[in-house]
Amino acid sequence: MRAWLPDTSGHRQLFSALAIDALGTGLFLPFSILYFTATTDLSLGRVGLALSIAALIRIPATAGAGMFCDRFGARRTVVVSNLTQAVGFFNYLLVGSFGHLLIAAVVVQLGNSAFWVAYPPLVHDVAEGKRQESWFALITTLRNAGLGVGALGASLAVAIGGTNGYTAIVAVNAVSFAVAAVLTRLGSPGGDHAVSVPEHGNTTQHADVSGWASTLRDRPFLGFVVLNFGLALLSLAFALAVPVFLVETVRLPPWIPGTVLAVNAVLGAVGATAVGAAITGRRRASSLMASQAIVGGAFMAVLCSAYVPSAVGICLALAAVVLVTVGELIQGLIVAPIVNDRATAASRGRYNSLSQMAFSVGDVVTPALMTMLLAHGPLATWLPMAALAMVDMLGIALLANHLPAMRRRVNRPGRTEPDGSRAAPPAPAPRPMTRRG
């Protein structure tokens, strides 16, 4: 396992910045709505409306963040995103009206959009394009640990300090983003400069010669963006609808949702490097297909929990969260490297912005979709989700024929083809996809 991890020497500031960023986010996330109802006179409905409008802003903001990233570089974009979120969260401390909340929430979403667009290119640049999956695995572990510690700290702050605890959470979160910005800027070189011309030899359909026009002409990649929407929808559907389903429909004990989310968080923190090591050497496409088979199995386990005794239902629910976490970890380690490898240095921001846009749209669509499906019973809710996982598998198989980045092997270098794309090296002997210590 240790040999699989990347050499992170010289990147202490960047890793510290990502950990502090995640810690602050973990502090605020569990109380992102309760904070405003506890510290202002705004109703729950008006708070939800302001946050929903701000979330919609993420869709066009993501496109803008891609252009900013390509123009000024990934590291500078991450710094700006952290500073923007620091300003937004500082304004949360001063919110007293619907309008002020809306403006502050929009500022936060602008910064959040920029971070998730620039974060994958920054990792690519720091890793020098090599063994990206191991870098993403290590950072995923670090960020999930930070989120978990932050959530625990937030619960303690509210339990001890009441309303003052809420205020302290937001203040610490704002400061954490400012500190993360400083540490990111002081970090070792990588992702500092923007590139305005295509990389040598890579002047095919995905070259950056006319900005968004050339990016949008990359039809295989647009297909991958649609696939990303399917991946995002399944992930969001599990987090949003399964806890409600288990309590309201299956009638499992009320402690089940918290347990499910806790297991998801813990496995996300400790399992990323193990999952990454297990899929090393396998083709990215086959690993993605395996992730969808695993996620589909998770939804079938959730469905079956409605038709068995409670004790068995609890076991199925826990099995489902383990399965879906493994599937999500595989996706999280592979999707960003595919996007990075498909793009050139001059277009990596735009390519990642399109990829992230699928998740932004999923954030908007999934709550309404799952609410509608839940009203029609277990079969109408979970069979379509399992079927979507199968459709995703078919899409992955078809796209792999057109996206060389999907055919590369996890954590294995590829050779450069005449068109500048990357092809997979000769295949080593296959290994079973099992977790290794």
Side-chain angles (χ1 to χ4, degrees), residues 58-78 81 112-130 132-133 135-136 190-191 193-232 284-285 288 331-362 395-396 399-400 402-408 414 416-417 419-422:
R58 285 187 61 183
I59 298 175
T62 298
M67 292 186 290
F68 188 95
C69 182
D70 287 335
R71 175 67 179 84
F72 296 102
R75 185 181 296 272
R76 291 190 183 95
T77 305
V78 170
S81 77
N112 185 261
S113 298
F115 175 84
W116 288 111
V117 167
Y119 158 67
L122 177 59
V123 174
H124 174 279
D125 293 345
V126 170
E128 298 179 346
K130 304 171 184 175
Q132 292 180 71
E133 290 88 354
W135 282 85
F136 279 108
H193 62 281
V195 180
S196 57
V197 295
E199 292 177 335
H200 177 69
N202 196 359
T203 56
T204 58
Q205 76 276 15
H206 51 290
D208 182 36
V209 294
S210 57
W212 275 109
S214 62
T215 304
L216 295 175
R217 284 197 299 267
D218 188 349
R219 292 184 179 179
F221 182 74
L222 294 182
F224 188 72
V225 172
V226 174
L227 174 65
N228 264 358
F229 174 74
L231 303 181
R284 289 169 173 172
L288 272 181
Q331 294 165 204
L333 303 187
I334 293 176
V335 169
I338 289 174
V339 178
N340 283 337
D341 289 349
R342 180 63 178 179
T344 66
S347 64
R348 201 160 282 130
R350 284 188 286 278
Y351 271 70
N352 275 280
S353 69
L354 280 177
S355 178
Q356 290 298 321
M357 208 173 294
F359 288 85
S360 298
V361 174
I396 293 165
L399 283 172
H402 304 282
L403 288 175
M406 294 182 70
R407 299 196 297 272
R408 291 185 62 183
T416 302
E417 294 295 310
D419 67 350
S421 61
R422 305 289 287 183

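All values below were derived from every heavy atom in this structure, side-chain atoms included, with hydrogens, water molecules and symmetry-related copies excluded. Residues take their numbers from the sequence shown, with the count starting at 1.
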Q: Go through the structure and list residues passing side chain to side chain donor-acceptor pair (under 3.5 Å) with Asn228, not counting sequence neighbours.
A: Ser355
Q: Nearest 0.5 angstrom please: Gln356 CD to Trp116 CH2, how far?
A: 7.5 Å
Q: Looking at every non-hydrogen atom in both residues, tell me the closest pair between Thr77 and Cys69 and how far apart they are.
A: OG1-CA, 3.2 Å
Q: Does the side chain of Val126 come within less than 4.5 Å of Arg75's, by heavy atoms?
A: yes
Q: Rounded to the nearest 0.5 Å, what separates atom CG in Leu288 from atom CG in Leu231?
A: 6.5 Å
Q: Look at the rings of Tyr119 and Phe115 and say which category their plane angle falls in: under 30° parallel, 30 to 60° tilted, over 60° perpendicular.
A: parallel
Q: Any side-chain heavy atom of Phe229 within less than 4.5 Å of one from Val225?
A: no
Q: So Pro121 and Asn352, do their side chains get closer than 4.5 Å, heavy atoms only?
A: yes
Q: Does Gln132 have any side chain to side chain donor-acceptor pair (under 3.5 Å) partners at least two apart in sequence or in another chain, and if so, which?
A: Asn340, Asp341
Q: Between Arg407 and Ala400, is there a donor-acceptor pair closer than 3.5 Å when you use the side chain of the first and the backbone of the second?
A: yes
Q: Hey, does His124 have a side-chain heavy atom less than 4.5 Å from the side chain of Pro337?
A: no
Q: For Ile59, what residues pass the side chain to side chain contact (heavy atoms under 4.5 Å, CB included) criterion, not counting sequence neighbours?
A: Met357, Ser360, Val361, Val364
Q: Just verifying a value: how many Å separate Ser353 OG and Phe68 CZ, rounded to the nearest 0.5 Å?
A: 13.5 Å
Q: Pick one: which of Arg76, Arg348, Arg350 meets salt bridge (Lys or Arg N to Asp or Glu O under 4.0 Å) with Asp70?
A: Arg350
Q: If we check side chain to side chain contact (heavy atoms under 4.5 Å, CB included) with Phe224, which of these qualifies: Leu354, Val339, Asp218, Ile396?
A: Val339
Q: What is the distance from atom CZ of Arg284 to atom CD of Glu133, rounded to the nearest 0.5 Å?
A: 4.5 Å
Q: Taking the side chain as every heavy atom from C-beta outward, state whether Tyr351 and Pro120 have any pair of such atoms under 4.5 Å apart.
A: no
